[in-house]
S.K.: 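What follows is a structure written as structure tokens; I'll ask about it next.
Below, chains carry the letters A, B, ... as their sequence lines are ordered, and counting in each starts from 1. Since the model is a prediction, treat every value here as computed from it, not as a measurement.
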Amino acid sequence: MNYWLFKSEESVFSIGDLARAPGKTTCWEGVRNYQARNFLRDDVKKGDGVFFYHSNCDVIGIAGTAAVVKEGYPDHYAWDGSSKYFDARSTPEKPVWFMVDIKLRKKLRRVIPLAELRENPALKDMKILQKGCRLSVTPVAKSEWEAILRMENKPGA
DNA sequence: GCCAACGTTGGC
DNA sequence: GCCAACGTTGGC
């Protein structure tokens with residue numbers, strides 16, 4: 001059982017969108033970075049915990065939690081010519097890109113802002129907080145997972 | 001295999 | 001909108 005953080009631009013797909021999705025479940029399509037692809041293909045397992053992170057928006061931070069309900073499988077948007085995620089290098093025979101399915105566990109009572117995450121000493125080694133980290137899928141340590149969940153009810157603490 | 005140019009990400 | 005940091009591309 002591992003933990004992850006998935007980034008999403010709030011205006012593209014938000015925690016609210018996930019809550020409204022059928023079965024509160026969505027596939028995590030469109031990851032087009034090899035390092036993130038490797039995580040999705042090889043390491044993200046059913047039952048793993050996922051932090052849902054809003055990027056590029058007013059309140060940047062962790063908006064909710066989700067669980068992996070389906071392990072890595074080919075991202076078929078890559079071979080859909082009409083998709084913005086199309087990539088001719090990927091075929092059904094030799095898929096290049098992979099995705100998983102996640103299901104909403106819960107929307108947090110507040111978005112835990114990035115600035116607060118940075119202030120928490122328990123999170124100083126967290127991947128997402130490292131300078132220049134642009135990976136959209138990153139591992140989260142168990143201690144980090146628990147520390148963040150404790151922040152939900154402690155605004156400004 | 002090097003590396004400059006370019007495109008993208010994402011916080012601010 | 002700006003710009004730093006990063007990943008990818010492609011010429012050599």
S.K.: How many whole angstroms separate atom CD1 of A:I128 from atom P of B:dT9?
M.R.: 14 Å

S.K.: Nearest whole Å is fine: how far is C:dG7 C1' from A:R37 CZ?
M.R.: 14 Å

S.K.: In terms of side-chain heavy atoms, does A:Y73 have a donor or acceptor partner in A:D101 at a distance below 3.5 Å?
M.R.: yes

S.K.: For A:K7 and B:dT9, is the shortest distance between a side-chain N/O and OP1 or OP2 below 4.0 Å?
M.R.: no

S.K.: I need the CD-P distance between A:E10 and B:dG10, as an integer number of Å.
M.R.: 14 Å

S.K.: For A:Y34 and B:dT8, give me the distance from atom OH to atom C1', rounded to whole Å.
M.R.: 15 Å

S.K.: In whole Å, what is the span from the CD atom of A:Q130 to the C1' atom of B:dG11?
M.R.: 15 Å

S.K.: Which distance, rounded to the nearest 0.5 Å, do you find between the CZ of A:F13 and the CZ of A:F6?
M.R.: 12.0 Å

S.K.: So, does A:K131 get its side chain near the phosphate of C:dA4, meaning an N or O under 4.0 Å from OP1 or OP2?
M.R.: no

S.K.: Could you state the NE2-P distance from A:H54 to B:dT9, rounded to the nearest angstrom?
M.R.: 17 Å

S.K.: Take A:N56 and A:N33, find for each the nucleotide of DNA chain C with the closest heavy atom, and name the residue whose nucleotide sits nearer the 5' end.
M.R.: A:N56

S.K.: Can you measure A:R134 atom CZ to B:dG11 atom C1' for me and round it to whole angstrom units?
M.R.: 12 Å

S.K.: Over all strands shown, is A:R89 touching base, sugar-phosphate only, or nothing at heavy-atom distances under 4.0 angstrom?
M.R.: sugar-phosphate

S.K.: Just by distance, do the side chain of A:D48 and the backbone of A:Y3 share a donor-acceptor pair under 3.5 Å?
M.R.: no

S.K.: Just N and O in the side chain of A:Y53: are any of them under 4.0 Å from OP1 or OP2 of B:dG11?
M.R.: yes

S.K.: Tell me the interatomic distance from A:L135, atom CG, to C:dG7, atom C1', rounded to whole angstroms.
M.R.: 10 Å

S.K.: Just how far is it from atom CE of A:M99 to atom OH of A:Y77, taken to the nearest 0.5 Å?
M.R.: 6.5 Å

